[in-house]
Amino acid sequence: MNAEPVSIAAASTATPGLAIDGLAVAYGGQRVIENLSLTIEQGCFFTLLGPSGCGKTTLLRTIAGFIQAAEGRLLFGGSDVTRLPPHRRNIGMVFQDYALFPDKTVFDNVAYGLRARRVDEATIRRKVAQSLDHVGLGHLAARHPAALSGGQRQRVALARALVIEPQLLLMDEPLSNLDAKLRVQVREVITELQREAGITTIFVTHDQDEALAMSDRIGVMNRGRLEQVGPPSAIYREPATGYVADFVGAANLVKVTLPAAAAIGPVMVPLPGGVVTARAPATVPAGHALLVARPEEISLTRDGEGLTGTVRRRQYLGGRTTYKVELPEGLTLAVDLHGDRHDAFQPGDLVRLGFDPLRTLVLAS
Amino acid sequence: MMARAGSVWFWLSAAMLVVLAVFLVYPLFNIVTGSFGTGSRSGWSVLLAEPRYLQAVTNTVMLGIAVTATTVVIAVPLAYVAARYDFPGKSVVAILPLITLVIPEVISAQTWLMMLGNNGVFTRYLADHGIDLPSFYGWPGLIIALTFSYYTYVYIGTVAAIRGFDSQLEEAAQSLGTSPVASRLRVMLPVIMPAVLASALLVFTLVVGNFATATILGGRVPLLSVLTYQAAVAESGADPVMQSTLASVSIGLVMLVLFVQRWIVSRGRHEVVQGRGAKAARMRGLSGLGIGVAAGIIVVISLLPLATLVAGAFTRARGPVMRWGDWTTANLERLFNNAPEPLFNSLVYAGTATVVSIAFSTLVSYLIVKKRNLLTPALDYITALPLALSGTAIGIGLVMSFNAGWLPLTGTAGIIVLAYIVRRLPFGIRNASSTLYNVPNSIEEASISLGVPPVSSFLRVVLPLMAPAIAAAAVLTWTTTVAELSASIIVYSGGRETLPIQIYKLIDSGLMAQASAYGLVLIVVILLPIIVATRVFRIDLFSSRA
Ligand SMILES: Nc1ncnc2c1ncn2[C@@H]1O[C@H](COP(=O)(O)OP(=O)(O)OP(=O)(O)O)[C@@H](O)[C@H]1O
Ligand SMILES: [Mg+2]
């Protein structure tokens, strides 16, 4: 997942698939989304990632038109849809609870949007059959949703949203009702279909694995704002804030004090028990700052270079071992060891901690 | 989904509020303001000055308490036994809920009279054998007839609560060292108590509002509903001020009880444990037989009115004198040949009311549940108002409001239909809302996202999902409106008699055989849709009945 190319994004046209400009959304008087701007390239698979209650659903439903923005503009492929009612926005939506019409067959569910567009029956039959085959459900066209498994329902929902060839595909946690194994399977179906159709897609999840695995770009949300937007590898490796670092993957976040302002590049950071070399991806003012180190980016040795600490706890996880290492002044860091003899250390052992000067980051707090 | 101010849904909500204001709030307002009278004579000072009125209020409250108590005493053990045990004849107990639906109160009161009244068949029979029964009119008749009219409400509520009760709690109590009976009392009773109390209070409000039984069996016991009726329609001595005052008293009384009920229900909600219900234990031998017999007696008594009615309809009568044993079809022939109008009137009025009521409550429920906006709370509260209004009060309010003036409805069929619709409104809304809460918003949004405008999305995906519930609601609306008496008897005018009104008039003249014939027709009219719905269309009438 490290070096995923972002090529699709820039491909077809210069007009973005979706542009959001200064968006604000309120429930009653309470602002839930404030001054949010975002541009998503045509054909991009964009994931909104964030904790519960941060406003992902609200943003998605505002894009769909079910919620009216208090401020700001929405553009689909260059045209302003801010005032357009949802049924005229030409969107495909996949709902968390599938929202299949229980009284209609699988075929009629998928045909529904085409019938609304007054497509002739012959074309409908062909398109529906085609799209059901695509999701591997051609043989179940005559069934009712109640007679399908969860994964099958999800795929019907997907076919129903895609068959209308929407300008924008919106999915709100479409996988959260599936068990772990199915999630991975349906995940692949979704990405494959999306790539093929080249439809600009916004996918909402609070599962970071899902976000990292599926997306061209990820937007990490926090309390109604976008903290960072970027490709998965950048989000993981170069989190712009401590919040992003903490939310996407595990991270040791250490409050530190910089004696002087740091320019972009290597910085010497004082820690309890020594100084480590880290990297500032952006300028950091003097004073309080945040040191970010992923557990797997810290190395442990018995007598090499680095800070001294004591192993306090050890959790053997098969392919790796997680240690809690205590440094002076009560600072405790999590360290993940992989590879050969990753389980070699025991509680009570004195160890040296090595920090990768490129992967350890210093951020403004 | 939140509907914005200014959207179609908002304006639709506003329009519905206007309709409700005109046909519900305005009449209510007229009742209350009317009670203060004109000039120096306030209804409230008359109420306090005349012992007859205060006596009626006290009597009504006492009757309410008495019947509430007797219904609980009969229904709770019956419900417990039905929910927890299998015994011979249990399937008969299962038809209990139907009985209240099928037997209109006016018929139940009438048949009690035919059995135990001064000329009653049992009274006569026992008198011939030298046993003089005390008079059935007054307290004994009121309590017995009302108990058997209303105990099923407590029965249904209690059975549901016991079925929902998690029997593991009981086992837990036993494992902690309490005996089975004690653990049942200590653990189950508190949990089902809110449901029992809520349905008992419902019975209380029904007793307060009851008109048919009160006026037919009340004898010399003055009751609020009867005095209200008399103040409203008495040929001589109609008293417009007192009709408002007495109606206001009954509204206040019922509202008070409804608030207590709501409080109990809201407090009890967190105690409703969704658990594993107990399996019914099989009861054999003597105890099983005993329970079967006891339950059987209750069912038989509940069915007695029906049997009496059928017998009466086919019994020859000379004036008020029934010639029991002398069978004839003359009563029914006379009905169909000479005076079938009440049947047609009932069919037309109740049919119209059912259609309008279902359409209106579906629309309003949809607005309340799915299109919440600034006006929703108002819609919610106003549509619940008729729960506090007895039929008599609704009739009085409508007559006061639409007698003359800009919308003169008195004397038309419209005001009868209107009375039916207003009485039925809260139940229709409750029915439709409970189904709508089960239709996820996402279904509708999915349709909209696929390009179908909101209104047609509702028609194409939501309405079909509501259809079975709407059909059930239509049947229930039909059965209750076609049996309606207390409001329609106030608003109707000559020539517009419905079946219940006709029955009431015949009872009043002592013509029991004719009354029975109309009663039989009424029962058939009620039963037919129920049978068609449950047998042909397999609709579950009780699934969404609160
Ligand atoms: N109808 C509503 N009325 C008022 N506040 C709401 C409403 N819907 C959501 N909110 C509030 O808006 C905020 C954002 O909610 P939203 O549903 O967008 O979160 P989310 O990111 O989708 O969360 P989750 O991951 O749990 O689905 C929350 O604080 C929530 O309480
Ligand atoms: Mg959400």
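Every chain is numbered from 1, with letters handed out A, B, ... down the list of sequences.
- The side-chain heavy atoms of Phe101(A) and Leu465(B), taken from C-beta on, include no pair separated by under 4.5 Å.
- Residue contact with chain B, scored on non-hydrogen atoms closer than 4.5 Å, involves the side chain of Ile164(A) exclusively.
- At least one side-chain heavy atom of Tyr112(A) sits less than 4.5 Å from a side-chain heavy atom of Val452(B).
- Between His87(A) and Ser449(B) there is no side-chain heavy-atom pair separated by less than 4.5 Å.
- The main-chain N or O of Leu450(B) is never found under 3.5 Å from a side-chain atom of Arg160(A) such that the two would form a donor-acceptor pair.
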Check step by step if side chain to side chain contact (heavy atoms under 4.5 Å, CB included) holds for Asn441(B) and Phe66(A).
CA-CA 11 Å; Asn441(B) 292 343; Phe66(A) 292 121; over 6 Å; no

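- With a 4.5 angstrom heavy-atom cutoff, Pro85(A) does not touch chain B via any of its atoms.
- Most heavy-atom pairs under 4.5 Å with chain B, from the set Arg88(A), Arg117(A), Gln96(A): that is Arg117(A).
- Of the two parts of Leu100(A), only the backbone, made up of N, CA, C and O, holds a non-hydrogen atom closer than 4.5 Å to a non-hydrogen atom of chain B.
- By the neighbour-count criterion of 12 heavy atoms within 6.0 Å, atom CD of Gln30(A) is sparsely surrounded, having that number or fewer from other residues, nucleotides or ligands.
- Residue Phe29(B) qualifies as open at atom CZ: its count of foreign heavy atoms under 6.0 Å is 12 or below.
- Within a 6.0 Å sphere centred on OH of Tyr437(B), other residues, nucleotides and ligands contribute more than 12 heavy atoms.
- No other option in Pro102(A), Ala64(A), Gly92(A) has as many heavy-atom pairs under 4.5 Å with chain B as Pro102(A).
- Between Ile443(B) and Phe95(A) there is no side-chain heavy-atom pair separated by less than 4.5 Å.
- Arg460(B) approaches Lys104(A) most closely through the heavy-atom pair O-NZ, 3.4 Å.
- If you measure heavy-atom distances from Pro453(B) to chain A, the contacts under 4.5 Å come from both the backbone and the side chain.
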